[in-house]
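The structure under discussion appears below in the form of structure tokens.
Only heavy atoms go into these numbers, but all of them, side chains included; no hydrogens, no water, no symmetry mates.
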There are 2 protein chains.
Amino acid sequence: MTKAPAKIPKSDKTRQAILEAAQRLFYERGYDGASVRQIAKEVPIDPAMIMRYFGSKEGLFSAAVLIDLKLPNPEDIPQDKAGERLVRHFLMLWEGERSTLGLPILLRSAVSNQDASDKIRAIFEKQVAPTIAGITSLDDADTRAGLIVSQLFGLALCRYILRLPPVVDMTEEEVVARIGPIIQHHIGSSV
Amino acid sequence: MTKAPAKIPKSDKTRQAILEAAQRLFYERGYDGASVRQIAKEVPIDPAMIMRYFGSKEGLFSAAVLIDLKLPNPEDIPQDKAGERLVRHFLMLWEGERSTLGLPILLRSAVSNQDASDKIRAIFEKQVAPTIAGITSLDDADTRAGLIVSQLFGLALCRYILRLPPVVDMTEEEVVARIGPIIQHHIGSSV
DNA sequence: GTCTATAATTCGATAGAC
DNA sequence: GTCTATCGAATTATAGAC
């Protein structure tokens, strides 16, 4: 009979407040751009507490970045609607609730941070590639998954980070209408 | 009779050496990741000289980032080959000579730096959008240009920065074969 | 034209009082 | 459990000697 969740029943409230502030700042500025002191000031709390709770900035980052993309089960996706479904899911990851902000945080951090890009590769390997492989019936599923991620990450880059006006101005439905068929094409159906 | 190029006939050699070192480090680490001191150490030269020549880190960055994409003239591109041509040109920008490294530098810097993303938007508006508008005969050329850039930047992100294995492993010809038709599709022809 | 020295910040991390 | 104080290193930028 294990007593309970091991060791976490301490002072959970401030810990959670730290995590939420960290998620927001890491989301806006990336790993290198957000400092421990800035995060502490937003809580507000003393910077030393962050070190005490999470050990280091790296520890805080790992705790703040939840990496479950919550991708739908391949069997639940009709193959001819997969492109649309994946685009909608991806938009939700970027514009949705805080609990799904892990991928945006990682993408913003990965350009200048080695650990962040390592984590993205791990997510690709463990979550994205298997899902694509489960949807398509064709052979080179890994390459197809890479092409799909290229298109979706490029969309996120131009829409949320670079903020290119024509890409920002598209409505969600326009994005689905324009990008969905491309994803569908990579999966293997007709255009 | 203007005498000569105004004011630059000073000590051009070190200035050029500084620029080349700056381009390499900005290319590898982005604006925030590359420091003036690191650049100076690579030349090698005293960090103060960089400030003397370029005024500030911002000034050095502006001088190092040449922003001529050397896009081909729209009239020289057969419309049914435009997708292939643009993909090859884009790959050349990333894997080519130093003089074309401006865009990679900007992309690496833009994630964490406001000025860099401003410059990317300016390049999009002044170089990319007009070129696409000159190729396609359809109406919403700006949106199409945005979609094309989304795809090409996403490719660069996954291939050169995140280094996702399936995207890295593609040969140049595979990239052209896979991405070219998508660009062609955005321009307006058949798939 | 090139350099030394240093100012003024900011960073992550630590030590220790209470 | 929370804080003050501080360390050591790194940053951009400036002042001024030679």
Could you pull out all residues at least two apart from A:F61 that satisfy ring pair (Phe, Tyr, Trp, His ring centres under 6.0 Å)? A:F26, A:Y31
Find the distance A:R15:CZ to D:dG1:P and express it as a whole number of Å. 12 Å
Any residue meeting side-chain contact (heavy atoms from CB on, under 4.5 Å) with A:R121, in chain and number order, not counting sequence neighbours: A:Q114, A:S117, A:D118, B:R163, B:L164, B:P165
In the 5'-to-3' direction, what one-character label does each nucleotide of nucleotides 3-18 of chain C receive under the scheme B = base within less than 4.0 Å of a protein heavy atom, S = sugar-phosphate only, - = no such atom? BB------BBBB----
For A:P78, check side-chain contact (heavy atoms from CB on, under 4.5 Å) against everything at least two apart and list the hits. A:D80, A:K81
side-chain hydrogen bond (donor to acceptor under 3.5 Å, both in side chains) pairs, two or more places apart, involving residues 144-157 of chain B: B:D140-B:R144
Short side-chain N/O contact from B:Y53 to OP1 or OP2 of C:dT2, under 4.0 Å: yes
What residue pairs, at least two apart or across chains, pass ring-ring contact (aromatic ring centres under 6.0 Å, His included) with a residue in residues 103-131 of chain B? none
Please give, in whole Å, the distance from D:dT11 C1' to B:L60 CG? 15 Å
NZ of B:K13 versus C1' of C:dT2: gap in Å, rounded? 14 Å
Are there more than 12 heavy atoms of other residues, nucleotides or ligands under 6.0 Å from atom CG of A:L71? yes
